[in-house]
Amino acid sequence: MNDRSKPRRPATFRLDDPDVVVTEADETSRLGRTTVQITPEHDPSTLPVPIETALPARRGFRWGVLFWSGVAGLTLLGTGLGVVRLIEDLFARSESLGFVGVALAFVTTLALAVVIGREAFGLARLATIEKLHRRAAEVLASDDRGESRAIVQDLIAIAHQNPQLARARAALESHTGEIIDGADMIRLAERELMSPLDAEARRLVSSAAQRVSIVTAVSPRALFDVLFVFVASLRLIRQLARLYGGRPGTLGMIRLLRHVIAHLAITGGLAASDSLMQQVLGHGIAAKLSQRLGEGMLNGLLTARLGLAAIDVTRPLPFAALPPPKLSDLATDLLRRKEEE
């Protein structure tokens, strides 16, 4: 090894020194031993800027919305005219029957208004949680302190309805006045408020997967298996939504189910489940079980994957400070229970 291959020791120099030479990055001129070569960096303004390609917004008149609005209006008018004619016929037959019909129509209208109000409240609550999730993800990227405080206040307002989070809520409120960066405040809120909820959510998913695996293993009919898995999945999604602060009704459940399926499609959850099942089968674990128990175990794994996707959808904060639950951990618990059985 010659002297020129040895690394240069740190040294100080002046910019007006004649031995200081400014060269381009791709220039390969031979310089002397005492010459200091400086390669300037490119101006950030001249670098290529990535352009986000967004889908063009749909323009024009939405005929589908007009069609369904017309159908709903005609149905409502037809139902109203039918009720009015029924009450008129009841009064024509007997005055007492007419008053009974009026009372029943009033009770029905009141119940319908309450149901519509609950559905609207549930949809608004789900929209609030989804918006909190997006805002928290943006704060984790931008580190905005003011926005992080607003998000924490919204989370505390939602957590007021859960008495199990009283201590965590008080601990988080004590830190709101401290000087903490925006991203760190979101992580602190996640550790304080989401830790007990995540533990309960994992328990719910594990219990639902175990229940599905047991029932589908002893069920004699495939149709009953499909119905039970569907009902158990809807029940699990509703429980997770209520756990994280949502109150979904019928329309809210339809919206949540659509979001969960979309999340599975985007994240490749079904492919991940297939690979995990192939690993389980490849290691010969299912060979130790009977055929029905193996089918029940696979159904339980699918239910667990659906539950993990529901956690990502219904959780008001993204996973940043806490590790997300993994399907392999739930599969280990499920296999342990199967071996015990």
Problem set entry | Non-hydrogen side-chain atoms of Ile151 and Leu132 separated by less than 4.5 Å | yes
Exercise. Heavy-atom distance under 4.5 Å between the side chains of Gln164 and Glu200, does that happen here?
Worked result: no
Problem set entry | Hydrophobic cluster membership, Ile87 vs Val100, 4.5 Å side-chain cutoff | no
For this session: Following the transitive rule for hydrophobic clusters with a side-chain heavy-atom cut-off under 4.5 Å over Ile, Leu, Val, Met, Phe, Trp and Tyr, establish whether Phe319 and Tyr244 coincide in one cluster.
Result: yes
Exercise. Would Lys131 and Asp154 pass as an ion pair if we require N to O under 4.0 Å?
Worked result: no
Exercise. Would you call Arg315 and Glu190 a salt bridge, using N to O less than 4.0 angstrom?
Worked result: yes
Exercise. Does Arg125 CZ have over 12 foreign heavy atoms under 6.0 Å away?
Worked result: yes
Donor-acceptor pair, [X] side chain versus [Y] backbone, under 3.5 Å?
{"X": "Ser213", "Y": "Gln210", "result": "yes"}
{"X": "Asp144", "Y": "Val139", "result": "no"}
{"X": "Arg169", "Y": "Ala159", "result": "yes"}
{"X": "Ser206", "Y": "Arg202", "result": "no"}
{"X": "Arg187", "Y": "Ala320", "result": "no"}

Seminar exercise, completed: Under a side-chain separation threshold of 4.5 Å, the hydrophobic residues clustered together with Leu77 are none
For this session: May I have the step-by-step check of side chain to side chain contact (heavy atoms under 4.5 Å, CB included) for Asp312 and Leu308, ending in yes or no?
Result: CA-CA 7 Å; Asp312 291 336; Leu308 295 182; 5.5 Å; no
